[in-house]
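Lettering of chains follows the sequences in order, A, B, ..., and the numbering in each one begins at 1.
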2 protein chains.
Amino acid sequence: MTIPRAAKTLRRTRIQEEKEEQILEAALDVFSASGFRGSTIDQIAEVAGISKPNLLYYFRTKEAMHRALIDRVLYTWLEPLRAFDAEGNPEEEIRSYIRRKLEMARDFPRESRLFANEVLQGAPHIEDELKGPLKELVDEKAEVIRAWAKSGKIIKCDPYHLIFSIWSTTQHYADFDVQVRAVLGQEHSGEGRFEDAARFLEQLFIGGLRPDRSES
Amino acid sequence: MTIPRAAKTLRRTRIQEEKEEQILEAALDVFSASGFRGSTIDQIAEVAGISKPNLLYYFRTKEAMHRALIDRVLYTWLEPLRAFDAEGNPEEEIRSYIRRKLEMARDFPRESRLFANEVLQGAPHIEDELKGPLKELVDEKAEVIRAWAKSGKIIKCDPYHLIFSIWSTTQHYADFDVQVRAVLGQEHSGEGRFEDAARFLEQLFIGGLRPDRSES
DNA sequence: TGTAATGTTTACCAATCGGTCAAATTATCC
DNA sequence: GGATAATTTGACCGATTGGTAAACATTACA
């Protein structure tokens with residue numbers, strides 16, 4: 001008798017490994033491009049190069065597939081923030097956080113768009129992750145930033161909005177890529193735009209946070 | 001004989017005016033929440049409180065409805081950038097641009113999400129608008145910023161990436177609202193978060209662009 | 001090599017999709 | 001008030017949706 005798919009994890013075969021990988025890769029392609037509601041199982045199956053029932057043998061529902069994808073990608077996605085080091089030099093920590101986030105926008109735009117689509121549409125499938133692990137991590141790092149501000153290493157500012165602004169400016173280059181390209185025109189749409197963006201953002205954030213003679 | 005809908009604009013009745021308004025309002029609700037592919041005509045008809053065939057009497061296809069909505073909203077959406085004044089004081093111009101964009105994110109989040117959804121999914125329906133009117137407007141304002149930089153009124157920086165960073169940081173509060181709320185927690189999710197955001201962003205941009213003793 | 005478990009496919013299902021049609025209803029204007 | 005045009009609706013269409021059933025093929029392993 002066929003083992004019910006829920007118990008499948010007891011012993012994963014080589015084929016399971018490969019096919020699930022193959023399916024999630026295709027799912028990332030499709031979900032990131034069309035959002036959950038806008039994506040179809042047929043589409044994903046086609047991109048994965050297998051039949052729909054075969055796909056549904058590995059993931060029983062569209063939701064299950066989406067969830068597996070989120071789970072697999074979320075940890076990696078938060079890596080740059082996790083690397084934010086309280087002991088480091090503030091200016092250098094912020095600079096390298098920006099750089100890492102920009103690299104992710106450049107190298108993993110689909111992952112960025114996957115989350116962007118999800119959050120944009122009300123985060124119906126990742127609410128728990130946002131209010132749980134994400135919030136806790138941000139709270140922790142916000143405390144670090146607050147301490148830096150208190151000791152005068154950077155300007156006095158709201159650490160949460162600082163983090164938001166780093167997220168938004170960097171992820172912008174993945175999520176709104178077509179707009180960026182359209183505005184910059186063909187001649188500046190090469191990979192060099194990430195270098196330009198990095199230069200500008202470091203200038204902005206380092207300059208904007210440096211505790212020279214700040215207002216109030 | 002019933003006048004074909006294509007020629008309807010020759011003389012618009014009161015009912016046409018009202019119903020189209022009513023439909024586009026509902027369409028904004030639905031499209032901004034689910035994107036084009038993820039939205040259904042039935043959904044929009046239900047929100048609008050009319051039957052589906054009745055809706056299709058005013059807009060013959062889903063595409064036509066979406067297009068009408070984009071056309072109606074785009075002009076307003078670009079208003080803040082258009083107000084950017086070359087003659088004004090740079091610091092004050094940037095400050096008020098940020099403020100206006102934040103107000104739009106607060107007061108018209110659906111419009112922001114409509115475009116975000118569209119751009120995120122590759123802008124299949126607004127490519128022309130991005131490469132045409134939008135690019136031209138941005139090019140024009142970028143020239144203004146470049147002149148400010150050249151005359152030393154602000155730091156030397158890439159004007160395009162400056163505009164991108166203002167767009168992304170401000171629209172973040174509309175597009176990623178649920179994430180912002182989740183991270184800030186209930187206690188800071190009131191309308192006050194826009195005040196906090198405004199304070200931070202002005203601090204960041206004014207400080208980051210001020211031509212004190214800048215690097216290089 | 002046989003067999004039991006695993007993997008794949010064909011054919012199908014009910015629900016929903018975007019959209020049409022003709023008939024019925026309502027508004028407009030002389 | 002009646003004719004005519006504008007509006008609204010219920011019934012319906014073929015295509016696509018997420019998902020299932022069962023037969024079939026393949027693999028792993030004793």
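How far CG of Leu209(B) is from CG of Leu162(B): 5.5 Å, rounded to the nearest 0.5 Å.
Other residues, nucleotides and ligands contribute over 12 non-hydrogen atoms within 6.0 Å of the NZ atom of Lys135(A).
Look at Asn54(A) and you'll find a side-chain N or O under 4.0 angstrom from OP1 or OP2 of dT9(C). Remark: Gln16(B) is in phosphate contact with dT7(D), judged by side-chain N or O atoms under 4.0 Å from OP1 or OP2. Contact annotation: Tyr57(A) does not reach the phosphate of dT9(C) (side-chain N/O to OP1 or OP2, under 4.0 Å). Distances shown here put a side-chain N or O of Ser51(A) below 4.0 Å from the OP1 or OP2 atom of dT9(C). The side chain of Lys19(B) places no N or O atom within less than 4.0 Å of a non-bridging phosphate oxygen (OP1 or OP2) of dA6(D).
Among the nucleotides dG10(D), dT6(C), dT8(D), the one closest to the side chain of Tyr58(B) is dT8(D).
Residues satisfying the ring pair (Phe, Tyr, Trp, His ring centres under 6.0 Å) criterion with Tyr160(A), sequence neighbours excluded, are absent altogether.
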Which pairs, protein N/O on one side and nucleotides 16-18 of chain C N/O on the other, fall under 3.5 Å?
residue	atom	partner	partner atom	Å
dG18(C)	OP1	Ser39(B)	O	3.2
dG18(C)	OP1	Lys62(B)	NZ	3.1
dG18(C)	OP2	Ile41(B)	N	3.0
dG18(C)	N7	Lys52(B)	NZ	3.0

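To the nearest angstrom, C1' of dT8(C) lies 18 Å from CZ of Arg60(A). Atom CD of Glu18(A) is separated from atom C1' of dT8(C) by 15 Å (rounded to the nearest Å). In this structure, CD of Glu17(B) is placed 15 Å from P of dA6(D), rounded to the nearest angstrom. Distance CG (Leu55(A)) to C1' (dG18(D)): 11 Å, rounded to an integer number of Å. As rounded to whole Å, 13 Å separates atom P of dT8(C) from atom CZ of Phe59(A). Taking atom CD of residue Glu46(A) and atom P of nucleotide dG18(D), one finds them 13 Å apart after rounding to whole Å.
With Arg106(B) contributing its side chain and Phe194(B) its backbone, the two residues share no donor-acceptor pair below 3.5 Å.
The side chain to side chain donor-acceptor pair (under 3.5 Å) pairs that include a residue from residues 186-195 of chain A are Asp177(A)-Arg193(A), where partners are two or more places apart or lie in different chains.
Note: Tyr173(B) and His161(A) meet the aromatic proximity criterion, with ring centroids under 6.0 Å apart.
A salt bridge is defined here as a Lys NZ or Arg NE, NH1 or NH2 lying under 4.0 Å from an Asp or Glu carboxylate O, and Asp42(A) with Lys52(A) meets this definition.
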